[in-house]
Amino acid sequence: MFHNRERPEERPLAAATGRGFPTTDCPVTGRRAPSSFATRFSLRGGLAAAFLALCAGVAVGDPGLKWGPLAPEPPAAMVPAADDLAARTATLVHQGRWSDVVSMCETAARKGTLAPVLVQRYDLAKLHCDIARRHAEPAFRRQLATLTEADARRVYAEVLARIASHHVDAPDFARLSARGRTAVEIALDDPTFAALHATQASPERRALYREQVARIVESRPVATQGEAETLGAWIARTAHSLLGVPPAVTMMEMAAAAVGGLDEYSSFLTTGQLDDLYAQIEGNFVGLGVELKAASDGLLVVHVIPGSPAERSGIRAGDHLVGVGGRSIGGMGVDEAAQLLQGPEGSLVTLAILRAPAPARAVTVRREHVDVPSIENARLLDPATGVAYLKLSSFQKTTAADLEATLRRLDATGMRSLVVDLRGNPGGLLSAAVDVADLFLERGLVVATRGRSPEEDFNYSAGRPGTWKMPLVVLIDGDSASSSEIFAGAIRDHGRGTLVGSRSYGKGSIQGIFPLESAGVGMRLTTAKFYSPRGLPYSRVGVEPDLAVHAAARPIDAAIARPAGDPALDAAVDVARRSVARSSVPPKPGPRATAVR
């Protein structure tokens, strides 16, 4: 029987799972779409967690139940185009287009359908991209310049210790050490890294370095954390004596590679990335206020945050950002382009914006403090039947309280049923997903998390007073991930509402954010998996809608309530109308609903 803790106490930031949120978000520029995951916090917020399954023959929500996660179904068969993908990525590797390799393989890798022949190629591409991104960050370069070998060794030791104690799977230290050595080799080939740190790395010295490393590895097999630390120190000393690479630099590369080699969602975080993640959790940052994703000519504006500097400057969803500060960003990775968009509050940046068919135009935007709303476009869609609508764009610290206030405003306008739009919602805090679900569920399990460490095993249940009882319809799509799936899965398993749209992303693991004491950096670490109240897995499975609606594409601008050509929303409204006709339950919660959430 799993230990059941309904509301775990908050823990200090550095404890256990730390702080977390969708890792693909880039709050300096807005957010990057779409892949994401919720994270668990000391504020227990987050992305993934392992959920409990209900034993056969017991009703959901009953107290004192024995729960166990159900075995996931086997992954879907490999896509038939695997051979074509292998050929295309081979060409990209030859051209050094590593970010394109990652883009082409990432979704299949995260869903477990990447062909085995491509796994190593994809991992090499990730190493190339991670190294280029870190060493393009000025703050990280300055940090390396002052980092001592002793501090870097402590970082490496702490990284390995965290992996040993908290990663969802038992670590293979030999594999992680080998990935670190590969990372150092790749870094030596990176022009920026070599110019900064490897000025003595001639071809002859590189060959000698490889020979010595091979002899060291042969004489020092790795099976434990301590052996990995010792071998890392030997590699760092060898790189320093033969290539001039500071030992601290080598140790940091090996630490970063170890974290990045664990799974698709664990990663090393520079100070800048760590700060960005925390800003995303808080729901505010200094930037322009746009959500971006990669495009062939630069970056595509997926969403513009209402009230942001970008919106006031006339930038719209669907625009293409093709230049920053007079520099073309075509072919540039999202992370590299994001560096160009960063800057202090109050500073100006000139963007080249392309809105077809017109030519590109220059737009100057001031970087400002931006509050990211997690609830958008709340309104009564059909006053005659009382069908209300709102879009939940993320799960942040204040989302449940903001939603409670929004529901009261909608109730005052005549709401009798509600459509909650989770399409494109990448997730956020696990605690926020639980609190939002608690607004609509009277009692019972919302989600269960299970990890290798007992500290990660929790049951999160509803039961606070004040439940909204109106008929509920939830819109999901392939970009609804993590915390979105927690909410949708709980609504499904409790029979509380109807899910409409297409199968969700399938992000079923929790990432904890761990600041590392010695260098101001951090790590995002997968610590657990989560399951629905009935014990159904989310990872690589997702949530199936009750009513499947396959649209050509979801609207790119979420600020439009009911755009033409949105069959999923049309279907959801129809379901809501029928639910109103069948229901005689008032939507508002009882008089006990006075506590601030």
Side-chain angles (χ1 to χ4, degrees), residues 60 374-393 399-400 402-425 436-442 462 466-480 484-485 487-504 542-590 593:
V60 172
S374 57
I375 301 169
E376 300 179 30
N377 197 34
R379 64 180 67 186
L380 206 60
L381 274 185
D382 186 350
T385 58
V387 176
Y389 167 93
L390 60 85
K391 181 171 181 63
L392 269 180
S393 57
T399 297
D402 294 342
L403 179 58
E404 175 82 61
T406 300
L407 292 175
R408 293 193 179 280
R409 288 195 298 271
L410 290 172
D411 182 56
T413 65
M415 173 180 65
R416 297 179 61 197
S417 66
L418 177 65
V419 176
V420 177
D421 193 345
L422 294 178
R423 291 177 296 174
N425 184 326
V436 168
D438 201 351
L439 290 172
F440 302 101
L441 301 175
E442 289 191 275
T467 302
W468 289 85
K469 298 180 180 180
M470 82 290 279
L472 190 63
V473 182
V474 180
L475 274 167
I476 57 174
D477 68 0
D479 291 334
S480 304
S484 294
E485 294 172 297
F487 176 77
I491 296 301
R492 172 199 63 190
D493 283 9
H494 285 276
R496 176 60 183 84
T498 303
L499 307 189
V500 175
S502 55
R503 178 162 47 170
S504 65
V543 179
E544 288 284 356
D546 300 304
L547 175 60
V549 180
H550 299 289
R554 70 179 176 90
I556 199 168
D557 191 348
I560 301 175
R562 195 176 181 190
D566 190 352
L569 182 54
D570 290 338
V573 171
D574 289 340
V575 171
R577 287 193 184 112
R578 292 196 298 270
S579 298
V580 169
R582 294 193 301 266
S583 175
S584 60
V585 179
K588 66 177 61 178

Side chains of [X] and [Y], heavy atoms from C-beta outward: is any pair under 4.5 Å?
| X | Y | result |
| --- | --- | --- |
| S417 | V387 | yes |
| V420 | V473 | no |
| V419 | L381 | no |

Which pair of heavy atoms, one from [X] and one from [Y], lies closest together, and at what distance?
| X | Y | answer |
| --- | --- | --- |
| A488 | V543 | CB-CG1, 4.4 Å |
| R496 | M470 | NH2-O, 2.8 Å |
| A571 | L547 | CB-CD2, 4.1 Å |

Could you measure the distance from the [atom1] atom of [X] to the [atom2] atom of [Y]? Nearest 0.5 Å is fine.
| X | Y | atom1 | atom2 | answer |
| --- | --- | --- | --- | --- |
| T399 | L392 | OG1 | CG | 7.0 Å |
| L441 | L439 | CG | CG | 9.0 Å |
| T467 | D438 | OG1 | CG | 6.5 Å |
| I476 | I491 | CD1 | CD1 | 11.5 Å |
| L407 | F440 | CG | CZ | 5.0 Å |
| N425 | K391 | CG | NZ | 7.0 Å |

* To do: Evaluate side chain to side chain contact (heavy atoms under 4.5 Å, CB included) for L390 paired with L410, printing each intermediate quantity in order.
  => CA-CA 10 Å; L390 60 85; L410 290 172; 4.1 Å; yes
* **Of L569, V573, L418, the residue whose pairing with Y389 passes side-chain contact (heavy atoms from CB on, under 4.5 Å)** =>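 In the set L569, V573, L418, the residue that makes a side-chain contact (heavy atoms from CB on, under 4.5 Å) with Y389 is L569.
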With sequence neighbours left out, what residues match [X] under side chain to side chain donor-acceptor pair (under 3.5 Å)?
| X | answer |
| --- | --- |
| R409 | T406 |
| S502 | none |
| S579 | none |

* Hey, are R408 and D411 close enough for a salt bridge, meaning a charged N less than 4.0 Å from a carboxylate O? ->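 Salt bridge: no.
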* Asked: Under the side chain to side chain contact (heavy atoms under 4.5 Å, CB included) criterion, do D574 and R577 qualify, and how do the steps go?
  -> CA-CA 5 Å; D574 289 340; R577 287 193 184 112; 3.0 Å; yes
* Only counting residues at least two apart or in another chain, list the ones meeting salt bridge (charged side-chain N to carboxylate O under 4.0 Å, His left out) with R503. =>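 Here the qualifying residues are E544.
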* **side chain to side chain contact (heavy atoms under 4.5 Å, CB included) between V474 and V500, intermediate numbers included** => CA-CA 6 Å; V474 180; V500 175; over 6 Å; no
* Which residues pass the side chain to side chain contact (heavy atoms under 4.5 Å, CB included) test with A581, sequence neighbours left out? ->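 With sequence neighbours excluded, A581 shows a side chain to side chain contact (heavy atoms under 4.5 Å, CB included) to no residue whatsoever.
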* To do: Walk me through it: do D566 and R423 pass the test side chain to side chain contact (heavy atoms under 4.5 Å, CB included)?
  => CA-CA 12 Å; D566 190 352; R423 291 177 296 174; 2.8 Å; yes
* Asked: Looking just at side-chain N and O atoms, do S480 and D477 make a donor-acceptor pair shorter than 3.5 Å?
  ->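 Side chains of S480 and D477: pair found under 3.5 Å.
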